[in-house]
Amino acid sequence: MVQKKGRYMQESALSQVSGQLRRAKLRHFLRRRREGISPEDVGLMKVERRRTPGLRREEVAALAGVGVSWYTWLEQGRDINVSEEVVQAIGNALRLDGSERSYFFRLAGLNPPRRTDAGRRVGVLPHMRALVEGWSSSPAYLTDRYGRIEFANGSARSLFRLNASGDSCLEKFFTDADTRAKYPDTEAVARGLVANFRAQSARFPDDPEFGRIAERLRRASPKFAELWDQHKVDDPYQNLRKFAHPQAGVMIFDRVLMRVPEFPESSLTVYVDQPGAAAQIRARAYAGGHSGVA
């Protein structure tokens, strides 16, 4: 009992220190952003000389539609509760961009809203495609929220027999016997794919397409139906993947999955050669060999 009480007091003290540091950063951030905006920037008339640059606290409060005292407490770093709506309003008043707004949310102790800046995605898209295409000589591809291929590099297209954008890693594995046969550890791959799809569906709870895909696969694959009913959940960022190449033999990769901020609904998957795997070297001579993807 004494140990538990001591651990609780230690965790409570660490939490208080963390909160104090976060509020100190918030205090400095809000003051700097306020000082960086002139009255003219927000349509206010500058009628007198000011001793300090930027907007006054009461002007920020008025622009955000919050009380002057409340905003003052927030900028002073006091321990007060804030809502997402108020943080958004203050962010608008201070003209915060996407990155600054996310930072503000975190300093206020809130989760940042999901970014939907389509223009930012379009601007980054060519660079992402170049990254995938130039990823060494190992497979790499970008998938959408459902696991469908958005684009892949030459190694992935050749080795995994990707025919076009829109191919589904999950559906191909459970509906194509030739694809499954290429994986020596078929059972582990099957379990991982279903558990990952289950975890991914929870990230988008209001999207009915996940349910439609699951129902379609339940009808097409008894194995998928069995695994889906087990309700296992897993969202690994890295795992080992063995692949039986028809000419090169068994190839072993580290399969790494990453999230990209500009592509919040997509996943970047890259395959990293296992050091010293002779089969990887031999496989370079058989880049035209075909197989399945997962």
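In this text, all values refer to a predicted model and were calculated from it rather than measured experimentally.
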Who are the salt bridge (charged side-chain N to carboxylate O under 4.0 Å, His left out) partners of [X], not counting sequence neighbours?
| X | answer |
| --- | --- |
| Glu171 | Arg216 |
| Arg198 | none |
| Arg212 | Glu209 |
| Lys242 | none |

*Distance-minimising heavy-atom pair for Tyr141 and Cys169*: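 Of all heavy-atom pairs spanning Tyr141 and Cys169, the closest is CE1-SG, 4.2 Å.
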*Does any donor atom in the side chain of Arg259 or Ser267 lie under 3.5 Å from an acceptor atom in the other side chain?*
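Indeed, the side chains of Arg259 and Ser267 share at least one donor-acceptor pair under 3.5 Å.
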*Indicate whether any N or O donor in one side chain lies under 3.5 Å from an N or O acceptor in the other, for Arg23 and Gln20.*
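No pair is found: no donor N or O on one side chain lies under 3.5 Å from an acceptor on the other.
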*Going by the angle between their ring planes, with limits at 30° and 60°, are Phe204 and Phe210 parallel, tilted or perpendicular?*
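It falls in the parallel class, under 30°.
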*asked:* Glu75 and salt bridge (Lys or Arg N to Asp or Glu O under 4.0 Å): which single residue from Arg56, Arg31, Arg32, Arg34 fits?
replied: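 Single salt bridge (Lys or Arg N to Asp or Glu O under 4.0 Å) partner of Glu75 among Arg56, Arg31, Arg32, Arg34: Arg34.
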*What's the verdict on salt bridge (charged side-chain N to carboxylate O under 4.0 Å, His left out) for Asp41 and Arg95, showing C-alpha distance, side-chain angles and the deciding distance?*
CA-CA 10 Å; Asp41 289 337; Arg95 297 190 163 190; 5.1 Å; no
*asked:* Once ring-ring contact (aromatic ring centres under 6.0 Å, His included) is applied, what residue pairs with a partner in residues 62-104 remain, sequence neighbours excluded?
replied: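 Qualifying pairs: Phe29-Tyr103.
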_Within 6.0 angstrom of Asn81 CG, more than 12 heavy atoms from elsewhere_ =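 No - once you tally the heavy atoms of other residues, nucleotides and ligands closer than 6.0 Å, there are 12 at most.
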_All side-chain hydrogen bond (donor to acceptor under 3.5 Å, both in side chains) counterparts of Arg191, not counting sequence neighbours_ =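 Listed in chain order: Glu187, Gln230.
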*Roughly how far, to the nearest 0.5 Å, is OG1 of Thr143 from CZ of Phe151?*
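One gets 10.0 Å once the value is rounded to the nearest 0.5 Å.
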